[in-house]
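Notes to accompany the following structure.
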There are 2 protein chains.
Amino acid sequence: MSKKKQKIKALKAEVKRLRRALEAPKGPLVSPLAPAAFPELPIVPGVRFATAAAGVKYAGRTDVMLAELAPGTAVAGVFTRSATRSANVLDCQAKIGSAPDAGAAIIVNSGNSNAFTGAAGDASVAAICDAVAQGLALPVDRVFTASTGVIGQRLPHDRITAKVTELVDALHPDGVAQAAAAIMTTDTFAKGAKATADIAGTPVQVVGIAKGSGMIAPDMATMLVYIFTDAAIAQPTLQAMLARLTDRTFNAITVDSDTSTSDSLMLAATGVAEHAMIDDLTIPEAAAFEAALHTVMHDLALQVVRDGEGATKLVEVQVTGAASEADARKVASAIANSPLVKTAIAGEDPNWGRIVMAVGKSGAVADRDTLTIRFGDIVVAEKGWVSPEYTEEAGAAYMKNDQITVAVDLGVGAARDTMWTCDLTYRYVEINADYRS
Amino acid sequence: MSKKKQKIKALKAEVKRLRRALEAPKGPLVSPLAPAAFPELPIVPGVRFATAAAGVKYAGRTDVMLAELAPGTAVAGVFTRSATRSANVLDCQAKIGSAPDAGAAIIVNSGNSNAFTGAAGDASVAAICDAVAQGLALPVDRVFTASTGVIGQRLPHDRITAKVTELVDALHPDGVAQAAAAIMTTDTFAKGAKATADIAGTPVQVVGIAKGSGMIAPDMATMLVYIFTDAAIAQPTLQAMLARLTDRTFNAITVDSDTSTSDSLMLAATGVAEHAMIDDLTIPEAAAFEAALHTVMHDLALQVVRDGEGATKLVEVQVTGAASEADARKVASAIANSPLVKTAIAGEDPNWGRIVMAVGKSGAVADRDTLTIRFGDIVVAEKGWVSPEYTEEAGAAYMKNDQITVAVDLGVGAARDTMWTCDLTYRYVEINADYRS
């Protein structure tokens with residue numbers, strides 16, 4: 001080959017490489033991992049929705065949703081443990097468990113998170129709660145709020161309170177899809193999920209919506225989730241179910257996401273369905289409901305990961321054979337949060353050495369010689385070394401999938417855990433280097 | 001102009017355009033944060049160096065360094081706590097504290113980390129130690145090894161043992177710069193530092209070299225550091241000093257870096273200097289030496305950050321006013337490890353909300369209303385809200401510096417901590433998505 005031909009070949013390769021590098025930053029408008037469509041969601045007896053365009057920050061779209069809950073509705077909630085959590089979160093935490101007789105309301109705005117806004121933030125929450133309490137003739141301790149969006153800017157709550165009458169007049173049972181759209185911020189798709197449970201012969205609906213800002217690591221207002229059901233469940237039982245399912249769903253999508261300043265997950269059970277009140281976690285009716293609730297929470301949690309900023313691959317991390325459940329979670333989260341693992345997956349590189357690294361750094365009991373690592377069904381490493389059957393070709397072919405399973409068996413016990421994450425791409429850096437500008 | 005020449009010209013223009021569009025991803029050959037030059041390092045009495053090109057993996061460069069240490073040399077070491085640490089690390093840990101009468105040797109190769117190589121890895125360490133012990137007439141328990149580079153591939157140790165005679169013959173006191181070059185892997189510059197201490201009128205040298213693979217998060221063989229001095233210090237005293245300074249230097253550059261599989265930091269004190277043996281941490285001579293040692297360790301630690309993959313900014317995170325030292329470290333590491341903080345800095349975005357987020361998620365005692373955040377000397381947020389004097393223009397101008405200080409005062413106590421990190425850029429993703437291909 002002539003020198004010039006060689007030069008042309010090298011330059012062409014460089015152009016190809018650079019174009020590929022540039023491709024991701026342009027980014028799709030909707031995550032490539034998004035579901036094909038927003039699901040058809042049934043009406044949940046006892047719940048009505050309304051949305052409005054209050055112009056908190058965004059123009060030309062709805063940015064407030066109101067949900068009205070029938071008298072007797074039990075409300076459970078799980079919130080961020082952040083030391084700098086928002087005024088809204090503190091207010092909601094104080095109100096969970098208040099007497100349900102009068103019903104309840106949830107009002108959420110997008111565009112401004114009302115976080116780190118000092119005493120003004122508290123005043124905004126109070127003003128919104130007062131307006132909704134008056135509009136729906138509710139005690140103020142039955143009005144729950146959330147705000148999501150930019151932080152450190154005073155919430156122009158007058159724009160929201162000015163819309164309360166309009167919202168109350170517009171309430172109707174069929175508005176959950178509109179509600180899902182109104183709470184979006186940097187989400188590339190609206191998130192909804194449903195399931196049905198049979199409670200001793202009575203069918204009940206479980207419907208949920210979520211907003212995940214698309215941030216892989218925690219930030220303000222990473223996640224808001226609202227789940228509605230017409231089942232009749234006592235508040236303490238509802239709260240217990242919600243808490244234990246959260247560990248396997250929303251707290252399993254990234255270890256850090258449980259501590260952003262606005263994360264809120266609320267579950268409202270209106271009790272309109274005509275079955276005996278469930279007030280014991282151990283009865284079969286509780287198990288039937290919990291299974292449906294898990295379906296909805298798992299579905300929404302994975303949709304949040306699928307909308308991870310810049311995500312091109314959904315990654316399930318399965319850990320088995322751990323000495324304890326805490327160890328299993330440590331290993332899963334070390335892998336799911338490792339930038340080196342996540343960039344390797346973005347590059348479709350079956351870099352199992354980085355999995356070994358993550359296991360090692362996790363702090364869990366592990367033994368090099370009992371560790372097994374699989375990509376999907378492919379055994380990559382076992383007995384302290386690369387598997388004799390493993391080939392880089394097989395590993396590289398598997399990594400081209402848009403759903404990847406990384407399975408680690410520690411071989412030192414019987415505990416297990418599963419977490420979900422996504423890859424770390426150029427697009428993630430682009431979005432987060434430019435987010436506010 | 002010929003057709004081929006035109007083609008080359010057009011392709012060159014396209015490459016230039018694409019590189020400009022990507023800017024960081026093409027990346028400089030040497031980190032923009034690198035020091036202007038490798039320092040002039042003095043001879044350390046009692047230490048001799050040699051390097052060789054063994055062809056472990058790289059061609060056309062040296063990849064093995066041997067350091068010979070005079071009889072009586074005390075050797076201290078700090079190693080990774082990873083559960084999957086390499087055979088070399090386990091071997092070194094077993095040997096630290098062995099009788100110093102016969103002297104000692106350190107042999108390090110680049111190109112292959114000998115990690116996750118099963119029983120073969122142990123055999124490689126033994127073979128190398130045997131060869132060096134024979135070549136230098138040392139007991140085998142005074143030969144320390146390290147390997148750095150690709151993991152999960154059998155170390156071709158025959159290539160190293162075949163060079164031992166050549167290395168022994170080439171030993172000379174003036175070879176520390178060559179040693180620094182031989183242990184580089186993905187480093188973009190060789191790292192060296194020096195300091196002098198006055199021990200009761202006797203000057204002693206402290207000279208160190210480091211290899212940081214440039215990985216921001218932990219991976220195999222992230223960091224190797226070797227420090228040499230002619231001071232006379234008892235091994236237990238030397239070990240205690242090294243351990244406590246590590247917390248303020250190499251363990252402060254990222255919280256996770258302390259747990260990669262090959263991280264090794266060794267300190268050899270030959271005792272050739274003619275002063276009374278230092279065997280007590282509380283005497284003034286110990287303090288004088290410790291100050292010099294700290295200078296060298298701090299300098300090398302920052303050089304490792306300056307060579308962070310894709311780094312364009314060096315970031316110092318200062319935390320004050322914490323309730324405890326553990327809390328101060330939690331907050332500093334939450335900030336220094338946050339991808340959202342690091343991408344914002346890459347984008348020169350004074351996104352102080354992400355600092356609030358990191359404080360909140362850290363788990364440390366914090367109060368929104370006593371928190372103060374500064375970028376350099378600029379007060380950004382205080383008393384639970386953005387500072388009235390703060391302007392985005394001032395913040396944005398500050399973020400254009402290539403050295404950034406993020407200072408957080410928690411206002412709840414008197415404990416403090418400082419950590420160092422770098423920004424997270426496209427280039428980081430590119431390097432780590434493509435590392436092995």
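Letters go in sequence order (proteins before strands), and every chain restarts at 1. Because the structure is a prediction, the values reported are computed rather than measured.
Proximity to chain A (any heavy atom under 4.5 Å) is restricted, for Ala364(B), to the backbone atoms N, CA, C and O. For a residue to count as touching a neighbouring chain, one of its non-hydrogen atoms must lie under 4.5 Å from one of that chain's; by this rule Ala396(A) does not touch chain B.
Ranked by heavy-atom pairs shorter than 4.5 Å toward chain B, the options Val365(A), Val386(A), Thr117(A) are led by Thr117(A). Of the residues considered (Arg368(B), Lys383(B), Lys7(B)), Arg368(B) shows the highest number of contacts with chain A, using heavy-atom pairs under 4.5 Å. Annotation: maximal heavy-atom pairing with chain A below 4.5 Å, among Gly152(B), Ala120(B), Ala366(B), Ala344(B), occurs at Gly152(B).
Scored by the salt bridge (charged side-chain N to carboxylate O under 4.0 Å, His left out) test, Glu348(A) finds Lys313(A), Lys400(A) as partners (sequence neighbours excluded). For Phe116(A), the ring-ring contact (aromatic ring centres under 6.0 Å, His included) partners are Trp352(B), not counting sequence neighbours.
Side-chain polar atoms of Asn114(A) and Ser86(A) form no donor-acceptor pair below 3.5 angstrom. Using modelled atom types, one finds a donor on one side chain and an acceptor on the other under 3.5 Å when comparing Ser147(B) with Asn88(B).
Arg354(B) places a side-chain N or O within 3.5 Å of a backbone atom of Leu340(B) that can act as its donor or acceptor partner.
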